[in-house]
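For reference, the structure is listed below as structure tokens.
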Amino acid sequence: MNTKYHIDQNPHKGNRGLTRAWHAAKNSWCGLVYAFLEESAFRQELSLFAFLTPVAFFLPIGYLEKALLVSSLIMVLVVELLNSSVEAAIDRISFEHHDLSKRAKDFGSAAVMLALLIALLMWSAVCIPLVLKLQ
């Protein structure tokens, strides 16, 4: 029974153009709301973003550096959302402990840690020379 898949078989692929964009925007907003309400790590990283973004704009650096600093913070949020989606999918399958489920969740956690490390490195690379210049 190897039947070919056709896009018409998928009930979620009917929207096109502005309708699709509108539904995607609503789904994206719902994802952000769920993450804020249900994920304490997302709230913590969002607080970090809210605190450091104005700092980046007030630093005496170029626009490219400002963009890199803010982008590194956005990347942390993106990776956290992906980690949360992996965790939600695994929890939907089963709350029972399984080594592969743990491994998948640990991979997501490691990805968040690496994203935070990248942000730390970017902020350090930009801010340390500023501090040294002031001395």
Side-chain angles (χ1 to χ4, degrees):
M1 283 199 151
N2 199 357
T3 59
K4 286 189 100 175
Y5 167 78
H6 190 271
I7 194 168
D8 293 336
Q9 295 170 305
N10 189 333
H12 304 291
K13 295 291 183 183
N15 295 323
R16 305 258 190 287
L18 290 177
T19 303
R20 189 211 60 78
W22 172 251
H23 286 286
K26 286 192 327 186
N27 292 338
S28 298
W29 179 253
C30 286
L32 289 170
V33 170
Y34 289 137
F36 183 80
L37 294 175
E38 298 175 7
E39 300 293 332
S40 60
F42 183 80
R43 287 191 300 275
Q44 291 168 349
E45 292 152 357
L46 189 61
S47 297
L48 187 68
F49 173 83
F51 175 76
L52 288 178
T53 296
V55 171
F57 284 107
F58 286 113
L59 289 174
I61 55 176
Y63 292 120
L64 179 61
E65 288 89 353
K66 292 177 194 288
L68 287 172
L69 292 180
V70 174
S71 295
S72 71
L73 299 172
I74 292 171
M75 182 182 59
V76 170
L77 295 173
V78 168
V79 175
E80 182 61 50
L81 288 168
L82 293 171
N83 178 44
S84 296
S85 69
V86 167
E87 290 180 352
I90 288 170
D91 290 345
R92 177 174 181 317
I93 294 167
S94 174
F95 287 119
E96 184 179 314
H97 176 79
H98 191 282
D99 286 341
L100 289 175
S101 297
K102 180 184 181 337
R103 188 178 303 174
K105 289 184 174 191
D106 289 349
F107 288 157
S109 179
V112 173
M113 182 187 68
L114 292 175
L116 285 165
L117 179 62
I118 290 170
L120 176 66
L121 290 173
M122 289 243 202
W123 279 79
S124 297
V126 170
C127 293
I128 289 173
L130 290 175
V131 171
L132 293 176
K133 194 186 284 187
L134 293 174
Q135 294 178 349

Quiz item: Rounded to the nearest 0.5 Å, what separation is found between the OG atom of Ser71 and the CD1 atom of Ile118?
Solution: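 Result: 12.0 Å between the selected atoms.
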Quiz item: Distance from Leu69 atom CG to Ile61 atom CD1, nearest 0.5 Å?
Solution: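 Going from the CG atom of Leu69 to the CD1 atom of Ile61 covers 4.5 Å.
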Nearest heavy atoms of [X] and [Y], plus distance in Å:
{"X": "Leu81", "Y": "Ala35", "answer": "CD2-CB, 3.5 Å"}
{"X": "Phe51", "Y": "Val55", "answer": "O-CG2, 3.4 Å"}
{"X": "Phe49", "Y": "Ile74", "answer": "CE1-CG1, 3.6 Å"}
{"X": "Met75", "Y": "Ala115", "answer": "CE-O, 4.0 Å"}
{"X": "Phe42", "Y": "Leu77", "answer": "CE1-CD2, 3.8 Å"}
{"X": "Val86", "Y": "Ala104", "answer": "CG1-O, 4.0 Å"}

Does a side-chain heavy-atom distance below 4.5 Å link [X] with [Y]?
{"X": "Leu59", "Y": "Leu130", "value": "yes"}
{"X": "Val126", "Y": "Leu68", "value": "no"}
{"X": "Leu100", "Y": "Arg103", "value": "yes"}
{"X": "Ile90", "Y": "His98", "value": "no"}
{"X": "Asn83", "Y": "Glu87", "value": "yes"}
{"X": "Lys133", "Y": "Pro129", "value": "no"}
{"X": "Lys105", "Y": "Lys102", "value": "no"}
{"X": "Leu46", "Y": "Arg43", "value": "no"}

Shared hydrophobic cluster, [X] / [Y] (ILVMFWY, side-chain heavy atoms < 4.5 Å):
{"X": "Val78", "Y": "Leu121", "result": "no"}
{"X": "Leu48", "Y": "Phe36", "result": "yes"}
{"X": "Leu82", "Y": "Leu37", "result": "yes"}
{"X": "Leu64", "Y": "Phe58", "result": "no"}
{"X": "Val79", "Y": "Met113", "result": "no"}

Quiz item: Where the side chain of Asn27 meets the backbone of His23, is there a donor-acceptor pair that is under 3.5 Å apart?
Solution: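 Pair found, side chain donor or acceptor close to backbone of His23.
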Self-check item: Heavy-atom donor-acceptor pair, Thr53 side chain to Ala50 backbone, under 3.5 Å
Solution: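 No.
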Do other residues, nucleotides or ligands put more than 12 heavy atoms under 6.0 Å from the [atom1] atom of [X]?
{"X": "Tyr63", "atom1": "OH", "value": "no"}
{"X": "Leu18", "atom1": "CG", "value": "no"}
{"X": "Asp99", "atom1": "CG", "value": "no"}
{"X": "Arg20", "atom1": "CZ", "value": "no"}

Exercise. May I have the step-by-step check of side-chain contact (heavy atoms from CB on, under 4.5 Å) for Ser84 and Glu80, ending in yes or no?
Key: CA-CA 6 Å; Ser84 296; Glu80 182 61 50; 3.5 Å; yes
Practice problem: Please assess Gln135 against Val131 for the test side-chain contact (heavy atoms from CB on, under 4.5 Å), listing each intermediate value before the final yes or no. | Solution: CA-CA 7 Å; Gln135 294 178 349; Val131 171; 4.1 Å; yes
